[in-house]
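Predicted model only: the values in this text are computed from it and were never measured.
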Amino acid sequence: MKHIIKILIGAAIIAGICYGLNTFREKKLSEPEPEIIRPVRTVTLQGNNETFTRKYFGTVQGGKRADLSFRVSGTLKNIYVEKGASVKKGTLLATLDPRDFNTRISQAQSALSQAQAQYKNAEADFKRYENLYKQRVIAKAQYDTYKTQVDVTKSAVNSASANVKSARDALRDTELRAPFDGVIADRTVENFQDVTAKQTIFILQDLSALEIVFNIPDNDVLTAPIPQVRSLRDLQKHSSLFAMNARFEAMPDRVFPLTLKEIATQATAANTYPVTAVMPQQEDLRALPGMAVTVELNFIGNNQLEQQKTANKFFIPSTAILNQGDKNFIWKFENGKVTKIPVNVGTLQNDSSVEINGKDLHGGDVIVTAGVYFLREGQHVRLLEE
């Protein structure tokens with residue numbers, strides 16, 4: 001009897017276990033599997049006014065610049081200005097020791113006096129022999145000899161006079177003066193130092209108007225939406241197509257408008273094209289030569305017609321395009337999900353970006369750029385952290 005009871009209890013336990021397992025399995029099957037949140041890489045479409053905005057690193061320089069040097073060699077005797085000094089046109093900046101130059105003037109004047117005396121004697125002899133020749137007392141050969149002597153001594157006087165003038169000019173060249181109003185940006189020598197002709201002594205810059213110099217890469221030159229220009233006049237004519245501003249790191253909230261001055265058509269060794277822009281000096285800005293500045297160049301910033309032409313037109317990586325048959329789409333990320341947007345695809349650029357446009361595209365839209373064939377409409381995704 002006890003044996004039968006044990007068998008019944010064991011059977012009940014087994015049945016209970018089986019029932020529990022079956023119930024658990026049915027419950028698991030009825031529960032939906034959790035959705036996998038796929039990480040995606042994205043890019044943000046720039047607004048219409050920013051489609052062709054670029055930033056470049058530039059430096060400040062004076063509107064006028066001159067490396068000042070003496071025209072003669074000598075020893076510095078006096079330096080009258082220091083670095084950073086403001087000077088007016090004609091201000092005496094430095095002088096050389098004039099002793100050697102005064103000596104040369106004395107020597108030149110002595111040579112001139114000697115030449116003048118010889119010319120005076122030759123002229124007196126010629127007049128005497130000229131009368132004798134007219135009286136047919138002497139031959140023409142003698143007359144010609146004395147006439148030639150007058151011409152030779154007269155040439156010697158002219159040469160000696162030129163030497164005196166040159167020596168006096170050299171003495172004046174021992175003074176170095178400012179050719180225009182400006183600021184002494186740098187001084188390269190010390191007083192009492194021997195210097196040579198054309199050796200830079202001061203660097204003078206006019207800061208009433210500043211110039212910003214920066215370089216544009218050749219790729220931007222090729223893709224910038226501005227007309228072809230053949231001369232500086234054409235460039236200035238079309239410069240209204242774009243806006244150009246400068247920002248200083250110490251004053252990030254202020255923008256300083258720039259005006260295009262010139263752009264080189266010969267590339268540097270780094271395949272960039274130097275550009276010079278003009279910025280009026282600001283009363284409340286202490287901008288000095290050599291300061292770093294960021295140039296923001298918006299190639300369509302000042303032209304409403306160009307902005308209209310580029311409405312809903314953007315450049316994105318080619319990997320963002322989803323091709324299905326003869327139609328093209330992109331995935332737009334919004335509120336944690338992706339939505340398929342139809343687009344028209346333009347030309348492929350050198351940097352592997354592609355031009356797209358579509359009525360449902362706007363500046364600021366976030367677009368998926370990788371794995372577009374593994375997504376589905378309305379799928380939840382998360383942005384991949386860089």
Side-chain angles (χ1 to χ4, degrees), residues 43 46-67 185 203 205-249 252 254-282 285 287-307 309-310 313-318 346-355:
V43 66
Q46 294 180 319
N48 293 333
N49 290 343
E50 300 175 343
T51 303
F52 293 99
T53 297
R54 300 292 186 269
K55 293 184 178 181
Y56 306 103
F57 174 80
T59 54
V60 178
Q61 65 181 24
K64 283 184 182 179
R65 300 167 304 283
D67 293 345
I203 298 176
Q205 299 204 23
D206 177 10
L207 303 184
S208 59
L210 300 177
E211 291 183 356
I212 309 296
V213 180
F214 60 99
N215 292 281
I216 296 182
D218 53 4
N219 189 53
D220 286 356
V221 173
L222 288 171
T223 59
I226 59 176
Q228 182 77 15
V229 295
R230 297 178 175 83
S231 67
L232 180 59
R233 179 176 298 179
D234 290 339
L235 185 62
Q236 293 172 338
K237 175 182 177 181
H238 296 300
S239 62
S240 61
L241 290 174
F242 46 87
M244 189 161 34
N245 299 299
R247 289 183 185 269
F248 293 86
E249 184 176 354
R254 293 194 60 184
V255 176
F256 301 93
L258 302 178
T259 302
L260 180 66
K261 179 181 179 181
E262 60 184 9
I263 179 171
T265 56
Q266 176 65 45
T268 65
N271 292 328
T272 60
Y273 292 82
V275 178
T276 303
V278 178
M279 183 183 81
Q281 181 62 281
Q282 310 291 318
L285 176 67
L288 298 176
M291 283 187 174
V293 63
T294 299
V295 177
E296 297 176 347
L297 184 54
N298 185 344
F299 288 102
I300 59 172
N302 289 340
N303 191 287
Q304 296 297 324
L305 178 61
E306 290 296 325
Q307 290 184 28
K309 289 180 180 178
T310 58
K313 183 182 296 184
F314 306 91
F315 288 89
I316 63 173
S318 58
T347 56
L348 183 68
Q349 306 298 307
N350 293 333
D351 59 355
S352 297
S353 65
V354 66
E355 178 187 306

Asker: Which atom pair, heavy atoms only, marks the closest approach of Pro280 to Pro257?
Answerer: CD-O, 4.3 Å
Asker: I need the Arg65 CZ to Asp206 CG distance, nearest 0.5 Å.
Answerer: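 Reported value, rounded in 0.5 Å steps: 10.0 Å.
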Asker: So Leu260 and Thr276, do their side chains get closer than 4.5 Å, heavy atoms only?
Answerer: no
Asker: In sequence, state the C-alpha distance, the side-chain angles, and the governing distance for Tyr273 and Thr268, and then conclude on side-chain contact (heavy atoms from CB on, under 4.5 Å).
Answerer: CA-CA 6 Å; Tyr273 292 82; Thr268 65; over 6 Å; no
Asker: Would a 4.5 Å heavy-atom cut-off, applied to side chains only, mark Val43 and Pro317 as touching?
Answerer: yes
Asker: Let me have the donor-acceptor pairs involving side chains of residues 57-64, under 3.5 Å, with sequence neighbours excluded, atom names and distances please.
Answerer:
{"unit_1": "Gln61", "atom_1": "NE2", "unit_2": "Glu211", "atom_2": "OE1", "d": "2.9"}

Asker: Which residues satisfy the side chain to side chain contact (heavy atoms under 4.5 Å, CB included) test with Glu296, sequence neighbours excluded?
Answerer: Lys55, Arg247
Asker: As an exercise, state the distance from CE of Met279 to CG of Leu210, rounded to the nearest 0.5 Å.
Answerer: 4.5 Å
Asker: Could you tell me how the ring of Tyr56 sits relative to the ring of Phe214: parallel (under 30°), tilted (30 to 60°) or perpendicular (over 60°)?
Answerer: parallel
Asker: I'd like to know whether Leu258 forms a side-chain contact (heavy atoms from CB on, under 4.5 Å) with Leu297, so could you lay out the CA-CA distance, the side-chain angles of the two residues, the decisive distance to 0.1 Å, and finally the verdict.
Answerer: CA-CA 10 Å; Leu258 302 178; Leu297 184 54; over 6 Å; no
Asker: Could you tell me whether the side chain of Leu285 reaches within less than 4.5 Å of the side chain of Phe256, counting heavy atoms only?
Answerer: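 They are in contact (side-chain heavy atoms under 4.5 Å apart), so the answer is yes.
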Asker: How long is the gap from CD1 on Ile263 to CG on Asn215, to the nearest 0.5 Å?
Answerer: 10.0 Å
Asker: Looking at CG of Leu288 and CG of Leu207, how far apart are the two atoms once the value is rounded to the nearest 0.5 Å?
Answerer: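 Taking CG in Leu288 and CG in Leu207, the distance rounds to 6.5 Å.
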Asker: Output the distance between atom CZ (Arg254) and atom CZ (Phe248), rounded to the nearest 0.5 Å.
Answerer: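 One gets 9.5 Å once the value is rounded to the nearest 0.5 Å.
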Asker: For the CD1 atom of Ile212 and the OG1 atom of Thr259, what is their distance to the nearest 0.5 Å?
Answerer: 11.5 Å
